[in-house]
Amino acid sequence: MIDSEISVEKAAELLKSGKKILIFVHSHPDGDTLGSALALKEALCEKEVVIACTTAVSDRLSFLLEGETQLVIPENFEPDTVVSVDVAELNMLGDYEQAYGDRIDLKIDHHKTGELFAKHNLVNANSAACAEIIYEIISEMNALNDKTAYYLYVGISTDTGCFKYGNTTPQTHAIASKLTRFDFNAGKLNSRLFDSKSKGEITAMKLALNTMHFYCGGKTAIVSFTNEMKEKNSITDDDLQIIKSLPREIEGVLLGITVKEKTGENGTFKVSMRTGGEIDASALCSLFGGGGHMGAAGCELTADSAEEVEKMLMDAIKDYLK
């Protein structure tokens with residue numbers, strides 16, 4: 001039976017009652033899903049806790065795992081409690097969906113679009129990051145410490161673009177203020193998360209700026225990467241993560257769009273939209289079966305070329321930008 005009204009207190013009780021806990025993060029994990037899961041694991045350190053992900057962790061975030069990039073379920077590990085964090089849809093579990101899609105005991109999430117697939121669902125779309133909800137749970141468990149605060153700060157900082165995005169709220173700043181009272185250097189952490197760039201990322205940024213297209217009188221900017229472009233320029237999918245917000249950062253652009261052909265799947269394109277709050281990105285992505293937040297959302301399209309994807313997008317959304 002699905003309980004969509006589970007409270008923070010009930011979620012904490014459920015987690016404390018488990019002995020062997022499996023925590024799923026979404027595929028191609030970002031700082032919020034990883035930070036949330038790692039903070040929760042630290043808070044439950046007296047239990048046997050495993051974090052699992054269907055895809056590798058990027059080199060940029062591997063420092064959170066002390067250099068490890070794979071999060072797999074150990075052989076013969078049989079959890080009594082299965083949790084998902086920052087997972088809006090079951091398909092975000094990737095290869096784990098088939099085996100565990102109907103076994104999720106607790107979903108913790110902050111996306112306003114998504115399905116209530118767990119037995120118990122704790123979803124708060126007003127939270128800027130899933131880590132804000134995890135903060136409330138860990139506070140209820142009296143388990144805040146230097147490590148949990150560090151991981152929670154990673155989640156909140158990354159999902160708010162270092163507190164620049166429109167999803168940042170007074171509550172976000174209040175929680176961040178409490179977290180920085182613990183023993184870690186927030187300035188150094190933010191520098192590592194946002195200022196350091198690899199050569200591949202710089203190459204991707206240069207290519208993006210050189211190939212960007214503008215529409216609607218400069219109100220929309222789109223940058224596209226095909227598999228051919230990635231191979232020719234030795235760019236990885238990890239290198240492209242930094243590009244998602246680039247089109248929106250240009251003066252006068254209200255809607256920034258990044259189109260990326262999926263590696264190994266020619267003709268399938270992942271679309272990421274970013275806005276400054278003037279336009280609802282989740283509403284636009286929902287036109288194509290996707291979703292997300294008002295300021296950041298995504299969807300997936302099938303087409304013969306990136307040019308065709310751009311035309312499909314603009315034919316559908318141009319009326320929103322008149």
Side-chain angles (χ1 to χ4, degrees), residues 26-30 54-56 58 87-95 97 111 113-115 200-201 203-250 253-275 279-322:
H26 62 68
S27 58
H28 306 288
D30 58 12
T54 189
T55 55
S58 67
V87 178
E89 307 280 353
L90 277 175
N91 59 19
M92 296 173 72
L93 297 180
D95 293 339
E97 179 183 357
H111 295 90
T113 57
E115 55 183 319
E201 289 173 328
T203 300
M205 291 179 67
K206 180 180 178 181
L207 189 59
L209 292 172
N210 287 336
T211 59
M212 192 176 297
H213 297 149
F214 293 90
Y215 298 91
C216 302
K219 294 179 181 179
T220 298
I222 302 181
V223 60
S224 299
F225 285 88
T226 63
N227 286 332
E228 182 181 358
M229 291 169 64
K230 289 185 285 182
E231 292 169 8
K232 182 179 179 179
N233 294 277
S234 300
I235 296 172
T236 68
D237 287 335
D238 285 348
D239 295 329
L240 294 179
Q241 292 301 312
I242 199 171
I243 302 299
K244 289 182 179 180
S245 61
L246 183 63
R248 173 61 187 86
E249 294 173 356
I250 298 171
V253 172
L254 302 181
L255 172 63
I257 303 176
T258 302
V259 176
K260 181 182 69 174
E261 191 170 20
K262 294 180 71 173
T263 300
E265 297 184 36
N266 292 345
T268 302
F269 295 83
K270 294 188 68 174
V271 178
S272 296
M273 296 187 186
R274 297 291 185 270
T275 77
I279 300 165
D280 190 340
S282 66
L284 297 182
C285 285
S286 69
L287 298 174
F288 304 96
H293 305 291
M294 182 168 184
C299 60
E300 197 169 282
L301 293 174
T302 301
D304 292 331
S305 66
E307 291 78 13
E308 184 180 344
V309 172
E310 290 193 20
K311 185 179 186 305
M312 291 168 65
L313 289 169
M314 293 314 305
D315 284 347
I317 67 180
K318 60 186 178 183
D319 290 341
Y320 288 82
L321 294 159
K322 287 182 177 180

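This one's a predicted model, so the numbers in the text were calculated from it and none came from an experiment. Computation of the quantities below employed the complete heavy-atom set of this structure, encompassing side-chain atoms and omitting hydrogens, waters and symmetry-equivalent molecules.
Applying the side chain to side chain contact (heavy atoms under 4.5 Å, CB included) rule to N266 yields the partners N227, E261; only residues at least two apart in sequence or on another chain are considered. With sequence neighbours left out, D30 forms a side chain to side chain donor-acceptor pair (under 3.5 Å) with H26. For H111, the ring pair (Phe, Tyr, Trp, His ring centres under 6.0 Å) partners are H293, not counting sequence neighbours.
For CD of E115, the number of neighbouring non-hydrogen atoms (other residues, nucleotides, ligands) closer than 6.0 Å is greater than 12.
Taking 4.5 Å as the limit, some side-chain heavy atom of K260 sits within range of a side-chain heavy atom of D237. Looking at heavy atoms from C-beta onward, L313 lies out of side-chain contact with T220 at the 4.5 angstrom threshold. Between L207 and F225 the shortest side-chain heavy-atom distance falls below 4.5 Å. Counting heavy atoms from C-beta outward, H28 and K270 have side chains that approach closer than 4.5 Å. Side chains of L284 and L255 form a contact here, defined as non-hydrogen atoms less than 4.5 Å apart. A heavy-atom distance below 4.5 Å is not found between the side chains of I279 and M273. In this structure, the side chains of Q241 and S58 stay at 4.5 Å or more apart for every pair of heavy atoms.
Pairing each heavy atom of D280 with each of M294, the nearest pair is OD1-CA, 3.4 Å. In plain terms, the two heavy atoms of I243 and T258 that are nearest each other are O-OG1, 3.6 Å.
A donor-acceptor pair is defined here as one N or O able to donate and one able to accept, closer than 3.5 Å; such a pair exists between the side chain of D239 and the backbone of T236.
Among residue pairs with one or both ends in residues 282-297, none qualify as salt bridge (Lys or Arg N to Asp or Glu O under 4.0 Å); sequence neighbours excluded. For residues 205-218, no residue pair satisfies the salt bridge (Lys or Arg N to Asp or Glu O under 4.0 Å) rule, not counting sequence neighbours.
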N/O donor to acceptor pairs below 3.5 angstrom from side-chain atoms of residues 295-304, sequence neighbours left out:
residue, atom, partner, partner atom, Å
E300, OE1, K262, NZ, 3.4

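There is no side-chain donor-acceptor pair under 3.5 Å between T203 and N233.
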